[in-house]
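Residue numbers start from 1 in every chain, and the chains themselves are labelled A, B, ... in the order their sequence lines are given, proteins ahead of strands.
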Number of protein chains: 4
Amino acid sequence: MNARPDPNADIASTGVAGEELKQFIERIERLEEEKAGIADDIKEVFGELKGRGFDTKIVRKIVALRKQDANERQEQEAILELYMQALGMQ
Amino acid sequence: MNARPDPNADIASTGVAGEELKQFIERIERLEEEKAGIADDIKEVFGELKGRGFDTKIVRKIVALRKQDANERQEQEAILELYMQALGMQ
Amino acid sequence: MNARPDPNADIASTGVAGEELKQFIERIERLEEEKAGIADDIKEVFGELKGRGFDTKIVRKIVALRKQDANERQEQEAILELYMQALGMQ
Amino acid sequence: MNARPDPNADIASTGVAGEELKQFIERIERLEEEKAGIADDIKEVFGELKGRGFDTKIVRKIVALRKQDANERQEQEAILELYMQALGMQ
DNA sequence: CGCTTAATATAGCCAC
DNA sequence: GTGGCTATATTAAGCG
């Protein structure tokens, strides 16, 4: 048993749960702002790196590859080749 | 004119640019970790909120809607400015 | 249960699934051509409109805004329905 | 000299250019609807193809490859390898 | 032609 | 664990 079994119902009536909800939403929005800020930082690094003459597209690929399991990558390539052979493409 | 007009060429030879690239990549990876951490925090808030009896789906929609409202406002202002420029109203 | 549980296997052997795949790909390519054609039509309209003295940038913004307004309306309705469900109001 | 040198100015005054603009916008919106319809058709084909056991991601790749110039692809791969060598990744 | 914004594709998440 | 949905990442287009 719970003192507030259905906060949603309370929203329309007392506003108590509404206040709690507001707090949650504000926390989320604050965190999302932070996240967006970091995303901007990343963009800046790419901008800087581009200004130094590096190819951003390739750097992105490297970063992605470092995350990705090498085996999975090989598997993907293998099945892709299989398909291409079936279609007579190369 | 630039002291390093083609970093790509350097990569294969001296490795100097390779070192610089490595630095960039590590910065990016550090920032992406931070970003992922915040994403986790957000998930936690949703978990908590769910534990308090709120419907996560609805809360997500509210958050999205509030963001959209903000965007909408910006859009409206943007187009208003465009019009004013077009009409020579400065 | 399915008559062809693993088309990928068939590709390398009989080529039957390869044929089916080819059909799919050709359908997709035909549709993408159509789509590109329409995109060209849109470009033409913008060209025409520009020739009539309108500012394409502004017109694009108006179109985007009208679309956004429509989306916004749908979003509002969606969240309203969600709330009603959550509150047991059918 | 032109009978309507600045349609934008007219918008605020006579509404004549406003009417013309409306026509343009409606044409654009109609075309964009068509385009969206075809995009949906494409999605359907992918859905169907998926239901037949094909891997949509790979099929997308094939479609993209068929568009792409083979030389460009090889060049991309070459430079990627170069970078990876420089970083000691394989 | 580079930079910014829109379209598309991918991946992660959540509910069933 | 599968499938839909949202969010992110990539790619393409438009503009100056």
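- Contact check, B/T56 against E/dA15: a side-chain N or O comes under 4.0 Å of OP1 or OP2.
- Rounded to whole Å, the distance from CD on B/E75 to C1' on E/dT4 is 14 Å.
- A close approach under 4.0 Å does not occur between any side-chain nitrogen or oxygen of A/K57 and OP1 or OP2 of F/dA9.
- Each of B/A64 and C/A39 was matched to the nucleotide of DNA chain F holding its nearest heavy atom; the match closer to the 5' end belongs to B/A64.
- Along DNA chain E, the nucleotide nearest to A/K50 and the one nearest to D/E32 differ in position, and the one closer to the 5' end is contacted by A/K50.
- Pairing each heavy atom of A/F46 with each of A/T56, the nearest pair is O-CG2, 3.7 Å.
- Between C/F46 atom CZ and E/dA6 atom C1' there is a gap of 12 Å when expressed in whole angstrom units.
- No side-chain N or O of A/Q85 forms a donor-acceptor pair with one of A/E81 less than 3.5 Å apart.
- Per the geometry, CD1 belonging to B/I28 stands 13 Å off C1' belonging to F/dA9, to the nearest Å.
- Note on C/R60: every side-chain N or O is 4.0 Å or more away from OP1 and OP2 of E/dT5.
- Spacing between atom CG of C/L82 and atom P of F/dC5 amounts to 12 Å, rounded to whole angstrom units.
- Here B/K61 lies in heavy-atom contact (under 4.0 Å) with sugar-phosphate atoms only.
- Closest approach of A/D55 and D/Y83 over heavy atoms only: N-OH, 3.7 Å.
- The NZ-C1' distance, from D/K67 to E/dA7, rounds to 12 Å in whole Å.
- Between C/K43 and F/dC15 there is no side-chain polar atom (N or O) within less than 4.0 angstrom of OP1 or OP2.
- When rounded to the nearest whole Å, the span between CD of A/E44 and P of E/dC3 equals 15 Å.
- Straight-line distance from the NZ atom of C/K35 to the C1' atom of E/dA9: 11 Å, rounded to whole Å.
- Side chains of C/Q23 and C/E19: a donor on one and an acceptor on the other come within 3.5 Å.
- When every heavy atom of B/K61 is checked against every heavy atom of C/A78, the shortest pair comes out as CE-CB, 3.6 Å.
- Taking atom CG on A/L65 and atom P on E/dA11, their separation rounds to 12 Å, with Å as the unit.
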